[in-house]
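First the structure, in the form of structure tokens, and then the observations on it.
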Amino acid sequence: MEEAETAEELLAKQHRKEKKELQAKIQSMKNAVPKNDKKRRKQLTDDVARLEAELSQKHENELKQLQNSNPAEKVDKVDEVVDGVDSINLAGGEQADSKQARVSKAQKRRDKKAALEKERENRIAEAEVENLLGSRHQEGLKLRQKLAEKQLQIKEMSSDGHCMYRAVEDQLVERGRALGIRELRAQTAQYMRSHSDDFLPFLTNPNTGDMYTADEFEKYCGDVAETAAWGGQLELRALTHVLQLPIEVIQADSPAIVIGEEYGKPPVTLIYMRHAYGLGEHYNSVEPLKDAASEEQE
């Protein structure tokens, strides 16, 4: 007899079906709007982002409701099936016992295979729950919505310690300026050295809490220039002066930050992601939204 699906499995199956239905609906909406109708294509982009957000929120609410109703329900499906087979009590004497023994090996193999498949489906369902409720998924969703309003999308940068400088380099290429990571780091460090009073008050020794000494500050600047040390707001402040450009930092849960507004030019735009990778913070670049970019070329 086939074992009934758990509530978690049924919900995961329903969510997969709803995602496929939404994808089909979105494709149908795209097909209905001429590519040269920029106004309707922009509205379509907004509508798609809204529909995706609504479905994701619906799924999140349903998953939370399910978790609240079954807070600690974890069943080992393999043991359940084996225990069920072992507990069968036949009333037909030795002949019945013999008959059961003859069929039990094949039946147990089938039951074990079914139980393992059920366990695999449970793991998939649990992974989907974790993914939809996870900080990384929610952060990515919020950023996509914010960027869609600007007709932009995330352009991924490598998570190698150079991500902030790599994102700035990518943005400068779009403006026809060729400054590589090594040069950006060197100029950032040099600016910080020559304007130490602007940066020293914000740098403290993690062990003592005291402001950096001159030697510690020099080592910090050396790391900026010569290693893959992660860059942050201090380095961005230095970069705005080096480049004489504003730098806009878009993040999921806070308003965008613009550093160097005094330069009055279109800003370099970076994406700050707190939960992108297991190691922590990460910067990405941006690029025109695919649909919007294809319309401009036509």
Side-chain angles (χ1 to χ4, degrees), residues 23 26 30 35 38 41-42 44-53 56 131 134-185 187-188 228-233 235-240 242-261 263 265-298:
Q23 289 172 357
I26 290 172
K30 288 183 177 180
K35 289 188 176 181
K38 295 184 179 179
R41 295 293 287 188
K42 183 180 184 303
L44 172 64
T45 299
D46 295 339
D47 290 343
V48 168
R50 176 180 55 79
L51 288 171
E52 289 177 339
S56 180
N131 181 50
S135 299
R136 180 178 179 181
H137 174 80
Q138 294 302 315
E139 181 179 50
L141 182 64
K142 291 174 184 177
L143 284 170
R144 284 195 296 273
Q145 287 179 263
K146 285 188 175 185
L147 292 174
E149 295 171 2
K150 297 173 174 284
Q151 295 295 297
L152 296 172
Q153 65 185 26
I154 294 173
K155 185 175 183 181
E156 295 283 350
M157 298 289 109
S158 302
S159 57
D160 55 2
H162 300 296
C163 58
M164 188 190 78
Y165 300 96
R166 199 180 299 281
V168 171
E169 176 191 30
D170 177 73
Q171 291 282 293
L172 292 177
V173 168
E174 297 298 319
R175 297 168 183 246
R177 294 180 64 175
L179 279 175
I181 292 172
R182 181 173 296 183
E183 191 171 356
L184 287 170
R185 279 187 172 276
Q187 292 190 31
T188 298
W230 188 86
Q233 194 159 340
E235 288 78 12
L236 285 175
R237 165 57 66 180
L239 274 169
T240 62
V242 168
L243 302 173
Q244 296 191 345
L245 287 172
I247 296 178
E248 176 187 32
V249 181
I250 298 175
Q251 45 198 332
D253 295 314
S254 305
I257 298 171
V258 180
I259 305 169
E261 289 182 282
Y263 290 108
K265 299 175 183 177
V268 169
T269 300
L270 309 182
I271 303 299
Y272 172 75
M273 304 185 74
R274 187 179 297 275
H275 306 289
Y277 295 96
L279 294 177
E281 296 92 339
H282 179 68
Y283 283 94
N284 279 316
S285 184
V286 296
E287 61 185 354
L289 197 62
K290 291 300 185 189
D291 285 343
S294 62
E295 288 168 9
E296 294 296 330
Q297 294 173 359
E298 293 178 359

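Shown here for A167 and L270, the closest heavy-atom pair between the two residues is CB-CD2, 3.6 Å. Heavy atoms only, all atoms of each residue included: L172 and L245 are closest at CD2-CD1, 4.0 Å. Taking every heavy atom of both residues into account, E169 and G180 meet most closely at OE2-CA, 3.5 Å. Nearest heavy atom pair, residue S285 against residue I271, reads O-CG1, 3.9 Å. Nearest heavy-atom pair across H282 and S158 is CE1-O, 3.6 Å. Of all heavy-atom pairs between A148 and A49, the closest is CB-CB, 4.3 Å.
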Worksheet entry | Test side-chain contact (heavy atoms from CB on, under 4.5 Å) applied to W230 and M164, step by step | CA-CA 8 Å; W230 188 86; M164 188 190 78; over 6 Å; no
Fill in: Criterion side-chain contact (heavy atoms from CB on, under 4.5 Å) on L239 and V268, from CA distance to verdict
CA-CA 11 Å; L239 274 169; V268 169; over 6 Å; no
Worksheet item: Between L243 and R177, does a side-chain contact (heavy atoms from CB on, under 4.5 Å) hold up when you go through it step by step?
Response: CA-CA 10 Å; L243 302 173; R177 294 180 64 175; 3.9 Å; yes
Item to complete: May I have the step-by-step check of side-chain contact (heavy atoms from CB on, under 4.5 Å) for Y272 and I257, ending in yes or no?
Response: CA-CA 10 Å; Y272 172 75; I257 298 171; over 6 Å; no
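Annotation: the span from I247 atom CD1 to Q233 atom CD amounts to 10.5 Å, rounded to 0.5 Å. In this structure, CD in E248 is found 4.5 Å from NZ in K150, a value given to the nearest 0.5 Å. Taking CZ of R144 as the reference point, atom CD of Q153 lies at 10.5 Å (rounded to 0.5 Å). Rounding to the nearest 0.5 Å gives a distance of 10.0 Å between CG of N284 and CG of L147. With values rounded to the nearest 0.5 angstrom, M157 atom CE is found 4.0 Å from D170 atom CG. Here the CE-OG distance, from M273 to S159, works out to 11.5 Å after rounding to the nearest 0.5 Å.
Applying the side-chain hydrogen bond (donor to acceptor under 3.5 Å, both in side chains) criterion to E52, with sequence neighbours excluded, gives no partner residue. A228 meets the side-chain contact (heavy atoms from CB on, under 4.5 Å) test with H162; sequence neighbours excluded. Applying the side-chain contact (heavy atoms from CB on, under 4.5 Å) rule to E183 yields the partners L179, Q187; only residues at least two apart in sequence or on another chain are considered.
Around the CZ atom of R182, the shell of radius 6.0 Å holds no more than 12 heavy atoms that belong to other residues, nucleotides or ligands.
Side-chain contact between Q171 and V286 is present, with heavy atoms from C-beta onward closer than 4.5 Å. Here the side chains of P246 and K265 are in contact, with some heavy-atom distance below 4.5 Å.
A salt bridge is defined here as a Lys NZ or Arg NE, NH1 or NH2 lying under 4.0 Å from an Asp or Glu carboxylate O, and D160 with R166 meets this definition.
Under the 3.5 Å distance criterion, the side-chain polar atoms of R185 are matched with a main-chain donor or acceptor of A229.
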